[in-house]
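Single-structure report; data block below.
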Amino acid sequence: MAILVTGGAGYIGSHTVAALLERGEEVVVLDNLQTGHREALLGGKLYEGDLRDKEILTKLFAENSIDAVIHFAANSLVGESMKEPAKYYDNNVFGTLCLLEAMNAANVRRIVFSSTAATYGEPEKVPIEESDRTEPTNVYGETKLMMERMMSWFDKVQDIKYVSLRYFNAAGAHESGKIGEDHQPESHLIPLVLQTALKQRSHIAVFGDDYATEDGTCVRDYIHVSDLADAHLRAVDYLRKGENSNVFNLGNGTGFSVKQVIETAKKVTGLDIPVVQEPRRAGDPAVLVASSAKARSVLGWNPKWTNLEDVIQSAWNWHQSRPEGYGKN
Ligand SMILES: NC(=O)c1ccc[n+]([C@@H]2O[C@H](COP(=O)([O-])OP(=O)(O)OC[C@H]3O[C@@H](n4cnc5c(N)ncnc54)[C@H](O)[C@@H]3O)[C@@H](O)[C@H]2O)c1
Ligand SMILES: O=c1ccn([C@@H]2O[C@H](COP(=O)(O)OP(=O)(O)O[C@H]3O[C@H](CO)[C@@H](O)[C@H](O)[C@H]3O)[C@@H](O)[C@H]2O)c(=O)[nH]1
């Protein structure tokens with residue numbers, strides 16, 4: 001039996017594919033390569049196509065014995081979602097609907113889903129627990145919450161069991177140095193800061209310094225991509241044991257401000273990183289920090305990369321060895 005990974009050629013998807021292959025799983029990937037890279041796939045069978053294309057989904061499920069789906073494929077940028085909402089409802093919500101319909105038709109009843117800290121919006125308290133209020137402050141988070149609710153109804157009505165993993169901020173790169181983060185254009189803080197250290201950019205913009213945080217900049221919980229990959233394998237095992245649908249936060253439980261990330265990157269690289277203060281970015285909550293106690297106790301998840309310096313060092317190794325990323329697909 002194979003595992004279908006949608007978005008497997010993307011950043012977190014490719015690290016999860018690597019982890020699945022390492023433990024001997026058969027992997028099938030569906031990716032339209034809109035942000036992913038063929039070279040990021042260290043194995044598995046790639047179907048190059050779109051989640052919203054019913055024909056390719058039907059073909060893929062007919063040609064492979066799929067046991068479970070891990071669903072990464074989505075648009076996932078907070079800032080962009082506040083400029084182009086339709087793109088997010090279409091790819092994320094409609095795309096997931098197409099996938100669930102095809103799964104039901106093919107009698108595939110397990111899905112692990114990439115959700116996000118952005119489902120919470122401004123948290124009522126930190127660290128955030130899964131039972132806390134979900135009131136997204138951006139379109140992206142709203143679409144992910146809709147996808148979770150949709151899966152909950154497909155569970156009730158069609159018995160498709162799901163595990164929704166609400167990741168906080170993914171960071172770092174694979175220890176082998178073969179795969180890492182390469183988004184074109186890049187919008188995530190850590191890669192942008194490291195590209196500035198490499199002098200590929202003149203400066204890093206800090207979006208807002210008037211938040212209610214210690215130094216006025218936004219606080220996030222950075223979690224290593226290999227720890228995220230490990231959680232997906234545990235979530236598949238959890239569903240294979242016949243457990244009920246569930247939701248888990250995945251974070252380290254420590255928050256770092258934008259300024260602290262830049263300072264840590266300066267220390268790791270030993271290089272100058274010029275900063276320019278800019279206005280707030282629409283849709284950004286001030287603080288997002290996870291309680292992952294539930295994932296630890298139920299999934300036995302135990303993140304290894306708990307130190308921000310080590311996480312940034314692992315990203316730095318990747319950026320130094322592949323300053324242009326993967327290059328052309
Ligand atoms: N990066 C983070 O910090 C973070 C945090 C929380 C949640 N997430 C979620 O994790 C998932 C992966 O994030 P990422 O950072 O690896 O993003 P990514 O853009 O690197 O990966 C997404 C992959 O999905 C593919 N894709 C997108 N739409 C598709 C479609 N319609 N059909 C087929 N393939 C499609 C892309 O080509 C890409 O390979 C996303 O669902 C995102 O919302 C990411
Ligand atoms: O040039 C930049 C880029 C980012 N930031 C700030 O840095 C923080 C982190 O931003 P970014 O790296 O863009 O991540 P988020 O917007 O927090 O979103 C990421 O983390 C979410 C979970 O918390 C995921 O759901 C999203 O998919 C993923 O992109 C935010 O406060 C941004 O305002 C800057 O100040 N300057």
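Both ligands and their constituent atoms are indexed starting at 1 by order of listing. On a predicted model such as this, the values are computed, not experimentally measured, just so you know. Just the heavy atoms: all of them, side chains too, but no hydrogens, waters or symmetry mates, feed the values below.
- The shortest heavy-atom contact between Gly327 and His37 is O-ND1, 4.5 Å.
- Annotation for ligand 1: atoms under 4.0 Å from non-hydrogen atoms of Gly36 are 36 (C), 37 (O), 38 (C), 39 (O).
- Nearest heavy-atom pair, Pro285 versus Cys218, reported as atom, atom and distance to 0.1 Å: O-SG, 3.6 Å.
- Within the listing of ligand 1, atoms 37 (O) sit less than 4.0 angstrom from a heavy atom of Leu33.
- At the top of the distance list for atom 26 (N) of ligand 1, counting protein heavy atoms only, stands Asn32 OD1, 3.5 Å.
- By the 3.5 Å distance cut-off applied to N or O atoms, Gln34 is counted among the residues near ligand 1.
- Comment: Arg322 does not engage Asp182 in a salt bridge, judged by the lack of any side-chain N to carboxylate O separation of less than 4.0 angstrom.
- Less than 4.0 angstrom separates some heavy atom of Phe72 from each of these atoms of ligand 1: 11 (C), 12 (C), 40 (C), 41 (O).
- The side chain of Arg52, and not its backbone, has at least one atom closer than 4.0 Å to an atom of ligand 1 (non-hydrogen atoms only; side chain from C-beta on).
- Between Arg281 and Gly79 the shortest heavy-atom distance is CD-CA, 4.2 Å.
- Heavy-atom contacts of Phe168 reach the following atoms of ligand 1: 3 (O), 5 (C), 6 (C) (cutoff under 4.0 Å).
- The closest approach between any non-hydrogen atom of Ala9 and ligand 1 is below 4.0 Å.
- Residue contacts with ligand 2, taken as heavy atom pairs separated by less than 4.0 Å, involve Ala205 solely via the backbone atoms N, CA, C and O.
- For the residues Val287, Ile204, Thr116, the heavy atom positioned nearest atom 24 (C) of ligand 2 is part of Thr116.
- Against a heavy-atom cut-off of under 4.0 Å, Lys144 is close to the following atoms of ligand 1: 40 (C), 41 (O), 42 (C), 43 (O).
- Taking the charged nitrogens against the carboxylate oxygens, Arg234 and Asp230 do have a contact shorter than 4.0 Å, which makes a salt bridge.
- Under a cutoff of 6.0 Å and an axis angle of 45°, Arg110 and Tyr162 do not form a cation-pi pair.
- When Ala170, Ser114, Gly10, Ala73 are checked for heavy-atom proximity to atom 2 (C) of ligand 1, Ala170 turns out nearest.
- Between Asp210 and Arg280 there is a salt bridge, with a side-chain nitrogen of the basic residue lying less than 4.0 Å from a carboxylate oxygen of the acidic one.
- Under a 4.0 angstrom heavy-atom cut-off, Ser115 registers as being in contact with ligand 1.
- Residue nearest to atom 14 (P) of ligand 1, selected from Val29, Leu51, Ile12: Ile12 (by heavy-atom distance).
- Nearest non-hydrogen protein atom to atom 1 (O) of ligand 2 is Leu192 CD1, 3.3 Å.
- Taking atom 37 (O) of ligand 1 as the reference point, the nearest protein heavy-atom neighbour is Asp31 OD1, 2.7 Å.
- For the ligand labelled ligand 1, residue Gly49 lies inside the 4.0 Å heavy-atom shell.
- Under the 3.5 Å distance criterion, with hydrogens and angles disregarded, a donor-acceptor pair is assigned to the side chains of Thr217 and Asp215.
- Among protein heavy atoms, atom 6 (C) of ligand 1 sits closest to Tyr167 CD1, 3.4 Å.
- For atom 6 (C) of ligand 2, the closest heavy atom belonging to the protein is Val258 CG2, 3.8 Å.
- A donor-acceptor pair shorter than 3.5 Å can be found between the side chains of Gln313 and Asn317.
- For atom 43 (O) of ligand 1, the nearest non-hydrogen atom of the protein is Tyr140 OH, 2.7 Å.
- Residues Glu26 and Met1 have side chains not in contact (no heavy-atom distance under 4.5 Å, counting atoms from C-beta outward).
- Phe61 is listed as a side-chain neighbour of Ile66, based on a closest heavy-atom distance under 4.5 Å.
- For atom 36 (C) of ligand 1, the closest non-hydrogen atom of the protein is Thr35 OG1, 3.2 Å.
- Considering His188, Gln277, Arg281, Lys259 only, the shortest heavy-atom separation from atom 28 (C) of ligand 2 involves His188.
- Looking only at protein heavy atoms, the nearest one to atom 12 (O) of ligand 2 is Leu189 N, 2.8 Å.
- From the protein, the heavy atom lying nearest to atom 26 (C) of ligand 2 is Ser76 O, 3.5 Å.
- Counting only non-hydrogen atoms, the option in Met147, Arg220, His183, His188 that gets closest to atom 20 (O) of ligand 1 is His183.
- For atom 28 (N) of ligand 1, the closest non-hydrogen atom of the protein is Asn91 ND2, 3.0 Å.
- The protein atom (non-hydrogen) at minimum distance from atom 24 (O) of ligand 1 is Gly7 CA, 3.2 Å.
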